[in-house]
Structure formats: C-alpha cells, structure tokens
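Because only heavy atoms are used, hydrogens play no part in the values below, and waters and symmetry mates are left out as well, while side chains stay in. Only a predicted model underlies this, so the values are computations on that prediction, with no experimental measurement involved.
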Amino acid sequence: MSILVTGGAGYIGSHMVLSLLEHGHNVIVLDNLSNASSESLRRVEQMSGRQVILVKGDIRDRPLLDNLFSAHDISDVLHFAGLKAVGQSVEHPLRYFDNNVSGTLTLCQAMEAAGIRRLVFSSSATVYGEVATMPIHEALPTGSPTNPYGRSKLIVEEVLQDLAKADARWSIALLRYFNPVGAHESGLIGEDPNDIPNNLVPFVSQVAVGRRDVLYVFGDDYATPDGTGVRDYIHVSDLVEGHLCAMQAIARQSGVNIWNLGTGQGYSVFEIVNAFEAASGREVPYRIAPRREGDIAECWADPAKAERELGWTAKRRLDVMMQDTWRWQVNNPEGYSPA
Ligand code: NAD
Ligand code: WQD
C-alpha cells in the first residue's frame, strides 16, 4: 500500500514525505510544482535512502487522478496541495477558489470513484476568524475569514463535513494548523518562498541572512503585551508528527475529526525577532509600519483535544524553531535554486 501526498514537494509536504519514508511507508507525490522545486524531493530521497514517485500534475486533472489511483494501491491521501498567499488571494479570488476548492472536489470525486475514503486535509486556524478570547479550541464555531484564501479553507472543511455525513465510509481529519515555522534539523529541507515572503519568520530569516534590508513590523499598537501581533508558532517537524498520529486515528474511526495543531503558546513579533537574533547571532533591523489589513491581534491554540485523542503534543521550543530555520537559511541562502 502507498500513501498519496498532494503538494508533497512543498514546504510542509516535503517534511511529511521524509517522515513517512522514515516510518517505512511507500509514498507517491502529486505536485504541479507551482510553488515548489523537485529538488526538495531529491534531498528527501538522499536523506531517507528511499525513493519517492513524483507525479508532476494537478489535483484538478481528473483523468490523471483516475490513472494514478488505478496504477497504485493507495490507502490514504494527505492533501497539502493548495495556494496559500493571503494577499494574492485577495487579488485573484477565482484562482484561489479554483485551485483550493475545485481542486479538492476533483480529488475527492476521484478518491470516491477509486474507493479510497481516508483523507487528511491541511486546514488552518484562519477558519476561526476573529476570536475574542484565547486560547482557541475546536468546539468554537468557525468564523468569517477575512480573505479568499481563508474562505477557501472553510468551504473545503464544510464540503468534507457534508461528504462524511452523506457516506459513513469516509474518514477525514481536518487539521487546523496555527503558524508553521522551522525546518528539518539537518538544514537540508525548509521553506523556500517564491517571492517576497508573506509570513513573519521567513521574512526575518531573509533579513538576517542579508537578502532583505529591514523587517517591517505591521503595527505596534495592538492590545497585546508589547503592542505587536501574537501568534502560535509551531515547528514543522511537530506538525508532521501530528499528521502521523491523525492518520493512525482516522484508520480506527470514520467520520470527520477536527484537531488544532499548535503549541498553546503565543509569541509576539518582537519576541520572534529577539529569538531569531539569539539563534543566528545576526541583527534583524526593523521599522514599525502600519497594521496589515485583515490581521488579528492575537491567536493561539488550545491543543488539549489533540493531546487527549491523538496522544500528540508539540515538543520543540521557540529557540529550536529559530535555530532550525537559521540552519536551513544559512546553508541555502537562495533556497533550492543555486546561487
Ligand atoms: P507550499 O506552497 O510550500 O506547498 C503547497 C504545494 O502544493 C506546493 O508544492 C505547490 O506546488 C502544490 N500545489 C499547489 N496547487 C496545486 C495543484 N493544483 N495541484 C498540485 N499541486 C499543487 O505550502 P505549505 O506551507 O507547505 O502548505 C501546505 C498546505 O498547508 C497548504 O494547503 C496550505 O494552505 C496549508 N497551510 C499552510 C500554512 C502555512 O503557514 N504554511 C498554515 C495553514 C495551512
Ligand atoms: C505573523 C505576525 C503579522 C510579516 C498567515 C495566514 C494564515 C496562515 C499562516 C497559511 C502578524 C506580523 C508578518 C511581516 C510582520 N497561512 N508580521 N511583518 O498572519 O498569523 O497567518 O500565515 O496558510 O492563514 O493569514 O502569519 O507570519 O503572516 O504573521 O510584522 O513582514 O507577524 O502582522 O502579527 P499570520 P504571518
């Protein structure tokens, strides 16, 4: 049996593929390489000493999916493929709904036709919208995401809930990630943003390595201890371990299961800058800029449900998250593309 990882050449997916191989699974990756390089999987193969089948293609391509499912004996689908740039989703909503929503519909239709009904979906804490009190637990109603990217995640969650209601044979995990950061401890694979990074940690890391001059801190007047935004940063390797536990859990029970994957601890932008400076030994110059539209003041998880039901907790602390990010950045200043 094999596991299909959509988006497996990307940031989180490549760490997942490595871990699956290390756990003895056979892995097939479906990725259109729209935001990734096959170099990530070449390195994963080198690190694991095992081979990955990479199918270069799109989750919206039904004939390709049908061929893939008939050519391989697949037990589970881990579905990471999607577009994730919030700002771009505001400019190109159709592109986002087509890729993330239609893509997932096509994937599920092909899975159903092939009789494969075990799915782990990469959702996001963004589906909670703006929440008044922290921490955020899964029983809270979903809110109103402030952008098309977030809405695409919420729509897919709702579609998958309806699907499992209609057919009890589906086993689905909706994993709501908080803020994934860090890289594999080897420094061989990590996050490689295509353009200017949208997210804080890759931006800080590119400033520290000298690719960018200065970090713009989006607002220092929030009602938070130091005025900057607070988030729940989680190491990508902890996130991956959460997926392994979720996969085991949905093999035992059907229906939809929702789990937050976060640490339960919030850090401010300034705390991230300080931690990164300590990890890298480099200065991270910053300027205060206006708030970014759509940003919330604070957001962190209540991870108790995942601990109780999956036996999973995030183990890696902030200093490790920053050290691993730095090791990846300094060893690969231009990411996967040669300098
Ligand atoms: P990423 O962009 O590095 O990985 C996504 C991968 O999907 C890329 O390799 C891309 O080439 C591929 N892809 C995109 N559209 C595709 C399509 N139509 N067909 C086939 N492949 C396609 O992003 P990531 O950070 O690894 O995120 C993985 C998943 O987790 C995404 O669904 C993302 O929305 C979700 N997520 C990410 C974060 C985060 O902060 N990184 C937070 C919450 C949720
Ligand atoms: C973190 C904090 C910013 C950049 C986004 C998406 C969410 C999910 C994860 C997934 C905030 C501040 C940032 C910068 C800054 N995406 N910041 N200067 O906003 O929690 O979540 O990524 O797929 O859906 O919305 O993460 O890393 O962008 O920001 O001051 O250059 O850093 O204002 O307080 P966010 P982030």
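- Between E157 and S123 the shortest heavy-atom distance is OE2-OG, 2.6 Å.
- Of the possible polar contacts, none joining the E298 side chain to the G266 backbone as a donor-acceptor pair under 3.5 Å is found.
- Minimum interatomic distance between P285 and D213 (heavy atoms only, all atoms of both residues): CG-O, 3.5 Å.
- Heavy-atom neighbours of I196 CD1 from other residues, nucleotides or ligands within 6.0 Å: at or below the threshold of 12.
- Between Y336 and W328, the gap from one ring centroid to the other is short of 6.0 Å.
- Two residues are said to be in side-chain contact when any heavy atoms from C-beta on lie closer than 4.5 Å; L160 and C108 meet this criterion.
- Judged by distance alone, the side chains of D226 and S268 do bring a donor and an acceptor atom under 3.5 Å apart.
- Between the side chains of N35 and N194, a donor-acceptor pair is found at a separation under 3.5 Å.
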Verdict with reasoning, I53 to H72, per side chain to side chain contact (heavy atoms under 4.5 Å, CB included): CA-CA 11 Å; I53 299 174; H72 303 277; 3.8 Å; yes
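- Side-chain atoms of H235 come within 3.5 Å of backbone N or O of S237 as a donor-acceptor pair.
- Under the 4.5 Å side-chain criterion, counting only non-hydrogen atoms from C-beta, V5 is not in contact with I28.
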D58/L64 under side chain to side chain contact (heavy atoms under 4.5 Å, CB included): CA gap, chis, key distance, verdict: CA-CA 8 Å; D58 201 291; L64 179 142; over 6 Å; no
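- For the pair R176 (side chain) and W259 (backbone), a donor-acceptor distance under 3.5 Å is absent.
- When all heavy atoms of V77 and T6 are compared, the pair lying nearest together is CG1-CG2, 4.2 Å.
- In terms of hydrophobic clustering, with Ile, Leu, Val, Met, Phe, Trp and Tyr side chains grouped at heavy-atom distances under 4.5 Å, V201 and V86 are assigned to different clusters.
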Stepwise salt bridge (charged side-chain N to carboxylate O under 4.0 Å, His left out) test for E241 and K315: CA-CA 10 Å; E241 286 166 14; K315 294 185 207 72; 3.1 Å; yes
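- The backbone N or O of S19 sits less than 3.5 Å from a side-chain atom of H23, completing a donor-acceptor pair.
- When all heavy atoms are compared, the tightest approach of A279 to W326 is O-CD1, 3.9 Å.
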Salt bridge (charged side-chain N to carboxylate O under 4.0 Å, His left out) evaluation trace for E185 with R316: CA-CA 11 Å; E185 61 185 358; R316 294 161 181 87; over 6 Å; no
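- Aromatic ring centroids of Y286 and F270 lie under 6.0 Å apart.
- No donor-acceptor distance shorter than 3.5 angstrom exists from the side chain of R169 to the backbone of A164, with no hydrogens or angles considered.
- A continuous path of Ile, Leu, Val, Met, Phe, Trp and Tyr side chains, each step under 4.5 Å between heavy atoms, connects V131 with V230, placing both in one hydrophobic cluster.
- There is a side-chain donor-acceptor pair under 3.5 Å between N332 and R43.
- In summary, the side chains of Y96 and R151 do not present any donor paired with an acceptor at a separation below 3.5 Å, with no hydrogens or angles considered.
- Cluster annotation: F80 is connected to L21 through the hydrophobic network of ILVMFWY side chains, with a link wherever side-chain heavy atoms come within less than 4.5 Å.
- Under a cut-off of 6.0 angstrom, the local environment of CD in E112 is crowded, with over 12 non-hydrogen atoms contributed by other residues, nucleotides or ligands.
- Under the 3.5 Å distance criterion, the side-chain polar atoms of R291 are matched with a main-chain donor or acceptor of D221.
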E191/K84 under salt bridge (charged side-chain N to carboxylate O under 4.0 Å, His left out): CA gap, chis, key distance, verdict: CA-CA 13 Å; E191 186 168 10; K84 63 164 184 177; 3.4 Å; yes
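- Sparse packing is recorded around CD of Q51, with 12 or fewer heavy atoms of other residues, nucleotides or ligands lying under 6.0 Å away.
- Looking only at distances, no side-chain donor or acceptor of S102 sits under 3.5 Å from a matching main-chain atom of N99.
- The backbone N or O of I250 lies less than 3.5 Å from no partner atom in the side chain of R118, so there is not a single donor-acceptor pair.
- Taking CD1 of I3 as the reference point, atom CG of N26 lies at 8.5 Å (rounded to 0.5 Å).
- Residues L174 and L105 fall within the same hydrophobic cluster, defined by Ile, Leu, Val, Met, Phe, Trp and Tyr side chains chained together at heavy-atom separations under 4.5 Å.
- The cationic group of R231 does not satisfy the cation-pi geometry with Y267, failing either the under 6.0 Å distance to the six-membered ring centre or the 45° limit from the ring axis.
- To the nearest 0.5 angstrom, L68 atom CG is 9.5 Å from S2 atom OG.
- Proximity of a side-chain donor or acceptor of D76 to a complementary backbone N or O of M247 within less than 3.5 Å is not detected.
- T228 contributes a side-chain N or O that, together with a main-chain N or O of V269, makes up a donor-acceptor pair within less than 3.5 Å.
- Less than 6.0 angstrom separates the ring centroid of Y177 from the ring centroid of H243.
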ring-ring contact (aromatic ring centres under 6.0 Å, His included) assessment of Y11 paired with H15: CA-CA 7 Å; Y11 168 44; H15 289 77; 5.7 Å; yes
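- Minimum heavy-atom separation, V156 to F121: CG1-CZ, 3.4 Å.
- Side-chain polar atoms of S122 and H79 form no donor-acceptor pair below 3.5 angstrom.
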Side chain to side chain contact (heavy atoms under 4.5 Å, CB included) assessment of L18 paired with H184: CA-CA 10 Å; L18 175 63; H184 189 264; 3.5 Å; yes
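- Residues T313 and E307 bring no donor and acceptor atom of their side chains to less than 3.5 Å of each other.
- Clustering ILVMFWY residues whenever any of their side-chain heavy atoms sit less than 4.5 angstrom apart, transitively, puts L78 in the very cluster that holds V236.
- Shortest non-hydrogen contact noted between A301 and D232 is N-OD2, 3.0 Å.
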I155/T104 under side chain to side chain contact (heavy atoms under 4.5 Å, CB included): CA gap, chis, key distance, verdict: CA-CA 10 Å; I155 294 170; T104 305; over 6 Å; no
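- Contact check for M111 versus W170: side-chain heavy atoms found under the 4.5 Å cut-off.
- Under a 4.0 Å N-O distance rule, the pair R42/E45 does not qualify as a salt bridge.
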Evaluation steps, salt bridge (charged side-chain N to carboxylate O under 4.0 Å, His left out), between D167 and R117: CA-CA 10 Å; D167 183 342; R117 294 187 182 82; 3.6 Å; yes
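- Side-chain polar atoms of Q88 and Y149 form no donor-acceptor pair below 3.5 angstrom.
- Ion pair D324/R327 flagged as a salt bridge, since at least one NZ, NE, NH1 or NH2 atom sits closer than 4.0 Å to an Asp/Glu carboxylate oxygen.
- A 6.0 Å sphere centred on CZ of R317 holds no more than 12 heavy atoms belonging to other residues, nucleotides or ligands.
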